[in-house]
Structure formats: structure tokens, C-alpha cells
Protein chains: 2
Amino acid sequence: MTEPPKLTRNQDLVLGCLQKTGTPMSAYDILGQLKADGIKAPLQVYRALDKLVAAGLAHRLESLNAFVACAGDECHRRGLIAFAICETCGSVEEFADAVIRQRLDGWAEESGFHTHSATVELRGTCAGCTRPH
Amino acid sequence: MTEPPKLTRNQDLVLGCLQKTGTPMSAYDILGQLKADGIKAPLQVYRALDKLVAAGLAHRLESLNAFVACAGDECHRRGLIAFAICETCGSVEEFADAVIRQRLDGWAEESGFHTHSATVELRGTCAGCTRPH
DNA sequence: CTGTTATTTGTTATGTCATAACATAACATC
DNA sequence: GATGTTATGTTATGACATAACAAATAACAG
């Protein structure tokens, strides 16, 4: 277990907003939702998001320029996570794959590349949207 | 081999610019370089980039919101390519890993996810920048 | 407590990335 | 040479992100 994150007011508001929505939101989506709570400027949102992402409580989806709450409850997960983003319903599934991680680490090792961060994102259609009950 | 791409003037200018530079460029970087050639508006660049990316002659780097020429000569490569982006010198290495592809396809299969596109990007420091000359 | 330091917050302005909407031109095919 | 398609030009606007600075709040040693 890791130490308690102890969120500030703004961080708590932003995380709550992401969790309530469940699907990816842009910083400006979040801003719009939190106007009533006194959040007035993009920077307030971006600053909170920076901390949440650093703490592993939220993720940035590079291919969407958007953010989601981490799916794992109380997740402070570090390391490689892959995302499958449904372009129809907006849902995001997270999965960790040790083999992929190993392959990326292996390539980096061979190539002398020192990895700071990795992005693995799939865009497509989720099971629910492919075969609507 | 695939059919001849037959680039238009704007596409040729944009691709030439990317190839000459070698490292990732934003659409506006390209625009700046091509002002002298009559390219005046962002859309002219974005439209050319769309075609180049679709043809596999250039790649979009999602984590950078930028573009690079495809590294493989005459490359019309399709499918999964991973990128290692050096945050120090800006260089980009492309590599294809069949195992990673297999794992992603395998996950998608199991989960009923239909993948349209995949992004795999590493950010870090390349060998040359880690151990300067 | 009190002073000092570090962090968080608020606010304005600006920078950067990307596309909508519409008009025009080039080109192929019949 | 009429028609459908693709590429282009142009203006305006939308969407994502940060710089710079001031003020408030938290953390903590003395």
C-alpha cells in the first residue's frame, strides 16, 4: 500500500467529476461541470489533473486529449497500462499486460533507450457496441 | 508492392518538409516552413497530412500532437508500429513488434473489442542522448 | 503561538492544435 | 463538354494547454 493521497479541494472536485461521468472528459468538459463549485479557469482543472495523474488516480488518454478516472478502486497503479477506447459509446477499458511491458522493456534495453513513460491505446468498438444485445 | 501514391503538390511539399527535418513537427511548424511555397492556412497542411498518414508515408505521434515522415524508405507499412520518442533530441525510432501486436489482438479477441487503430509510444531518452558521444 | 518555507489557489492573458463552412479549381470518365 | 469526384483556397472559429504573477493556505521548526 501507498501513502494516503490526501486530496485538496480542487483535486477532489475534479476526481469526483471524472468518477461520476465514467467516460473520458476534456479539461474543458470538467471545467463546465464544475463552474457551479467555483472552478472558473482552465488552469485550476489542469493543475488538479496533473496531481491526479501523478498519483495514479486518473489517466490521460493521449489519443483523445482527455482524461478518465482510474478504473481500479483505490488504484495507485504505476507502470504500463493499456487502454481500449470505444469510439461509439466512449467507454474505456484498462488492462495491464506483462508480456507487452516485457517486450517494450526488452526493446528499450537492446536499443539503449531509457523509457520515462509509455502510451498504449486502442481505438475501436467495444463488445457492447458491436453486438447490441 | 502497393500502388503508386501519386502525391499532389501540397502533399509533396508537406512530406518533403517532414523528411528534410527528420524529427516531429507540428502542423504549424510545417506551415511556417512552407509559407514561402504558397501554403497559407493550417487546413492546407492538415489535409495533406491526413492523406500522407492514410498512405503510411507519415505518422501522427499522439503524445506529441505532431507528425513525422515514415522512417522506412518507400514505406507504405500498415498495422502496428511503435515509436520511441527522445525527449532530449526529438529523434523518433520506429519499431514493429509482432508479439505486442499479437497480445493486443489477443486481448481484443477475448474482450470482443474491434480495434480500428492502435497507438504505442514510448517517451524517454535515446541511447545517443544518454551516453553523449 | 510565530515566523519561515513550500504548496496550492485565483486570475488574466496568451499560446498552440485542429476543424467548420463555403467557394473555387483541377481532373477524370463517359 | 457535362458530370461527378477530389483537391484547393480562405476566413473564421472551436478546442486544448500554459505563462506569469499575485494572494491565500498548509506544514512545520523553533
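FYI, side chains are in, hydrogens and waters are out, and symmetry mates aren't considered; it's all heavy atoms of this structure. Quick note on labels: first sequence line is chain A, next is B, and so on, each numbered from 1.
As rounded to whole Å, 16 Å separates atom P of C:dT8 from atom CG of A:L13. Here D:dA7 presents its C1' atom at 19 Å from OH of B:Y46, a figure rounded to the nearest Å. Residue A:D50 contributes atom CG, which lies 15 Å from atom P of C:dT7 at whole-angstrom precision. We find that CG of B:L61 is positioned 14 Å from C1' of C:dC17, with the value rounded to whole Å. For A:L49 and C:dT8, the CG to C1' distance is 15 Å, given to the nearest whole Å.
Between the side chain of A:R123 and the main chain of A:S63, a donor-acceptor pair closer than 3.5 Å is present. Of the possible donor and acceptor atoms, one in the side chain of A:E121 sits under 3.5 Å from a partner among the backbone N and O of A:E62. The main-chain N or O of B:R47 is never found under 3.5 Å from a side-chain atom of B:D50 such that the two would form a donor-acceptor pair.
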Between the protein and nucleotides 9-12 of chain C, which nitrogen or oxygen pairs are less than 3.5 angstrom apart?
from: C:dT9; atom 1: OP1; to: A:T8; atom 2: OG1; distance (Å): 2.7
from: C:dG10; atom 1: OP2; to: A:N10; atom 2: ND2; distance (Å): 2.9
from: C:dG10; atom 1: OP2; to: A:Q44; atom 2: NE2; distance (Å): 2.2
from: C:dG10; atom 1: O5'; to: A:Q44; atom 2: NE2; distance (Å): 3.4
from: C:dG10; atom 1: N7; to: A:R47; atom 2: NH2; distance (Å): 2.4
from: C:dG10; atom 1: O6; to: A:R47; atom 2: NH1; distance (Å): 3.1
from: C:dG10; atom 1: O6; to: A:R47; atom 2: NH2; distance (Å): 3.3

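Counting only heavy atoms from C-beta outward, the side chains of A:D97 and B:W107 never approach each other to under 4.5 Å. At a threshold of 4.5 Å between non-hydrogen side-chain atoms, the residues B:Q33 and B:M25 count as touching. For the pair A:L52 and A:L7, the minimum side-chain heavy-atom distance is below 4.5 Å. Looking at heavy atoms from C-beta onward, A:R9 lies in side-chain contact with A:D37 at the 4.5 angstrom threshold. Put simply, the side chain of A:F83 does not reach to within 4.5 Å of the side chain of A:L64, judged on heavy atoms. Taking the side chain as every heavy atom from C-beta outward, B:N65 and A:N65 approach each other to under 4.5 Å.
Using a 4.0 Å cut-off on heavy atoms, the residues of residues 25-32 of chain A that approach DNA chain D are A:S26, A:Y28, listed by number.
The side chain of B:N65 contributes an N or O atom lying less than 4.0 Å from OP1 or OP2 of C:dA18.
For the helix from C:dC1-D:dG30 to C:dC30-D:dG1, the axis fitted to the five pairs at one end and the axis fitted to the five pairs at the other end meet at an angle of 40° (nearest 10 degrees).
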